[in-house]
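Predicted model, so just to flag it, every value in this text is computed and none were measured.
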Number of protein chains: 2
Amino acid sequence: MQGKKTELSESDCAIARSLDVIGDWWSLLIVRDARSGKRRFSEFQRNLGLAKNILTTRLKKLVEREILEMAPASDGSAFKEYVLTEKGEKLFVVIVALWQWGEQTCFEPGEMRFTLADNELGETLAPLEVRTQSGRKLGALDFRMIEREIASESKS
Amino acid sequence: MQGKKTELSESDCAIARSLDVIGDWWSLLIVRDARSGKRRFSEFQRNLGLAKNILTTRLKKLVEREILEMAPASDGSAFKEYVLTEKGEKLFVVIVALWQWGEQTCFEPGEMRFTLADNELGETLAPLEVRTQSGRKLGALDFRMIEREIASESKS
DNA sequence: CCGTATCCATTCCGATACTG
DNA sequence: CAGTATCGGAATGGATACGG
């Protein structure tokens with residue numbers, strides 16, 4: 001984030017690349033707010049309580065990386081709004097994963113205050129599960145990274 | 001990570017709390033390596049290519065936050081090893097989420113090199129899916145955070 | 001209202017040197 | 001091997017003042 005890690009951003013590791021994009025303190029929180037419908041500079045600023053120059057920096061980076069894109073204001077004003085791209089929307093899985101981990105491990109028993117629920121019926125979310133293609137559920141240590149040997153989807 | 005955001009770490013938001021723990025550049029990569037079986041200081045250092053003092057700081061923080069714990073060396077040497085706690089192991093869902101997002105969006109078409117596969121049969125992992133308790137699959141915008149109204153699990 | 005520019009404190013990072 | 005100590009540079013972060 002700060003110094004360099006330029007090498008790591010160019011790493012083969014998808015995690016390293018992801019972290020290069022959203023691995024700083026504010027970016028994912030901005031995505032969280034954008035996902036929940038916030039669009040305006042001042043909405044982010046007020047809600048997150050961060051300095052305006054930092055917000056500017058983050059928004060620019062997120063637009064550069066194609067997580068957000070600028071759109072004309074929906075209320076007809078002259079200003080722009082920031083909306084998630086498709087790439088940005090896909091981060092919702094990461095958001096849910098972080099959310100669930102945080103709720104499980106970062107709160108005292110009586111302390112939890114919010115939860116995630118679906119818009120339609122208000123049903124709470126099920127814990128994410130890691131499964132193989134065939135549906136077997138995996139634990140934390142049950143998988144590893146391998147050199148790509150994915151069955152080619154087409155045989156020319 | 002840097003300045004303060006002390007307020008946000010104390011936030012009600014589980015994401016903010018999670019990010020306070022693993023929201024910096026190196027921590028999650030250390031967890032990634034620990035999950036894949038790395039235990040020794042030098043293994044992390046060599047593999048990640050970060051400065052030793054930074055690694056020291058990160059390991060300390062991760063031990064403090066109970067993501068890692070110290071264990072006597074398995075080879076009988078006088079040194080310690082770092083192994084994931086249960087809390088730390090639970091981060092594997094976050095790791096998978098970031099991995100999958102990175103692979104989907106941060107690589108050029110011909111560029112992917114690694115993939116995640118289960119240890120037993122070498123089967124690749126299925127994309128994570130966000131579902132409600134009843135099993136309905138949700139998209140990026142289909143849920144929101146609400147004040148906790150979870151049905152109490154016990155009625156005293 | 002939406003930023004940009006500037007200033008300053010803190011932190012992070014990398015490199016190096018040093019200890020046990 | 002496993003750190004600790006220190007240094008300097010870069011980036012982050014907060015606050016504020018300023019322009020469109």
Side-chain angles (χ1 to χ4, degrees), chain A residues 1-11 16 19-30 33-34 38-65 68-83, chain B residues 1-11 16 19-30 33-34 38-65 68-83:
Chain A
M1 259 87 89
Q2 292 82 332
K4 35 167 320 207
K5 94 279 170 194
T6 324
E7 352 161 348
L8 266 172
S9 336
E10 301 299 329
S11 166
L19 287 175
D20 186 49
V21 182
I22 48 105
D24 68 283
W25 181 215
W26 293 115
S27 294
L28 205 54
L29 292 174
I30 293 172
D33 283 1
K38 300 197 171 36
R39 309 163 68 93
R40 298 290 281 258
F41 189 92
S42 59
E43 287 184 289
F44 294 117
Q45 209 241 319
R46 203 169 30 244
N47 198 49
L48 296 171
L50 82 174
K52 287 195 288 186
N53 48 357
I54 302 297
L55 179 55
T56 301
T57 309
R58 286 293 169 282
L59 288 173
K60 264 183 191 154
K61 180 182 162 191
L62 289 171
V63 169
E64 256 172 36
R65 307 295 177 90
L68 296 175
E69 59 190 0
M70 313 275 290
S74 48
D75 64 353
S77 75
F79 303 111
K80 296 294 181 15
E81 300 187 340
Y82 300 88
V83 296
Chain B
M1 259 83 82
Q2 290 86 329
K4 35 169 316 206
K5 93 277 168 193
T6 323
E7 354 162 347
L8 264 173
S9 335
E10 301 298 328
S11 164
L19 287 175
D20 186 49
V21 182
I22 48 106
D24 67 283
W25 181 217
W26 293 115
S27 293
L28 205 54
L29 293 175
I30 292 173
D33 282 1
K38 299 196 171 37
R39 307 163 71 93
R40 298 291 280 260
F41 189 92
S42 60
E43 288 184 289
F44 294 117
Q45 209 240 317
R46 202 169 30 244
N47 198 50
L48 295 171
L50 82 175
K52 288 194 288 187
N53 48 359
I54 302 297
L55 178 56
T56 300
T57 310
R58 284 293 168 283
L59 288 173
K60 265 183 190 153
K61 180 183 162 190
L62 289 171
V63 169
E64 258 174 34
R65 308 294 177 90
L68 296 175
E69 60 190 0
M70 314 275 291
S74 48
D75 64 354
S77 75
F79 302 112
K80 298 292 183 13
E81 300 188 340
Y82 300 88
V83 297

When the distance from [atom1] of [X] to [atom2] of [N] is rounded to whole Å, what number comes out?
X: Leu59(A); N: dG3(C); atom1: CG; atom2: P; value: 8 Å
X: Leu19(B); N: dT12(D); atom1: CG; atom2: C1'; value: 16 Å
X: Asn47(B); N: dC1(D); atom1: CG; atom2: P; value: 14 Å
X: Arg39(A); N: dC2(C); atom1: CZ; atom2: C1'; value: 16 Å
X: Ile54(A); N: dA15(D); atom1: CD1; atom2: C1'; value: 11 Å
X: Asp75(A); N: dC1(C); atom1: CG; atom2: P; value: 11 Å
X: Ile30(A); N: dT12(D); atom1: CD1; atom2: C1'; value: 13 Å
X: Lys80(B); N: dT4(D); atom1: NZ; atom2: P; value: 11 Å

So [X], base contact, sugar-phosphate only, or nothing? Heavy-atom distance under 4.0 Å.
X: Thr56(A); value: base
X: Leu55(A); value: nothing
X: Tyr82(A); value: sugar-phosphate

Report each atom pair, protein N/O against N/O of nucleotides 17-20 of chain C, whose distance is under 3.5 angstrom.
none

Please report the shortest heavy-atom distance between Arg40(A) and Phe79(A), naming the atom on each side.
NH2-CD1, 3.9 Å

Using every non-hydrogen atom in the two residues, find where Ser74(A) and Arg39(A) come nearest and quote the distance to one decimal.
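Taking every non-hydrogen atom into account, OG-NE, 4.2 Å.
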
Kindly say if [X] contacts the phosphate of [N], meaning a side-chain N or O under 4.0 Å from OP1 or OP2.
X: Arg40(B); N: dC1(D); answer: no
X: Lys60(B); N: dT4(D); answer: yes
X: Trp26(A); N: dT12(D); answer: no

Between Phe44(B) and Leu29(B), is a side-chain contact (heavy atoms from CB on, under 4.5 Å) present by the stated rule, with each step listed?
CA-CA 9 Å; Phe44(B) 294 117; Leu29(B) 293 175; over 6 Å; no

Can any side-chain N or O of Ser27(A) pair as donor or acceptor with the backbone N or O of Gly23(A) at less than 3.5 Å?
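Pair absent, no side-chain N/O of Ser27(A) close to backbone of Gly23(A).
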
Would the distance check show the side chain of Gln45(A) and the main-chain N or O of Leu50(A) forming a donor-acceptor pair, the cut-off being under 3.5 Å?
yes

Answer whether the closest heavy-atom distance between the side chains of [X] and [Y] falls below 4.5 Å.
X: Arg65(A); Y: Ile22(A); value: no
X: Leu55(B); Y: Trp26(B); value: no
X: Tyr82(B); Y: Met70(B); value: yes
X: Asp33(B); Y: Glu43(B); value: no

NZ of Lys61(B) to OG1 of Thr57(B): how many Å apart, nearest 0.5 Å?
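Answer rounded to 0.5 Å: 10.0 Å.
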
The side chain of [X] is closest to which nucleotide in this list: [options]?
X: Arg46(B); options: dA5(D), dG3(C), dC1(D); value: dC1(D)
X: Ala51(B); options: dC1(D), dT4(D), dA15(C); value: dA15(C)
X: Arg58(B); options: dC13(C), dG14(C), dT4(C); value: dC13(C)

Pairing string of DNA chain C (Watson-Crick or G-U wobble, both atom distances under 3.5 Å; | = paired to other strand) is |.||||||||||||||||||

Any N or O donor-acceptor pair under 3.5 Å from the base of dG14(D) to the side chain of Asn53(A)?
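Check passes, donor-acceptor contact within cut-off.
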
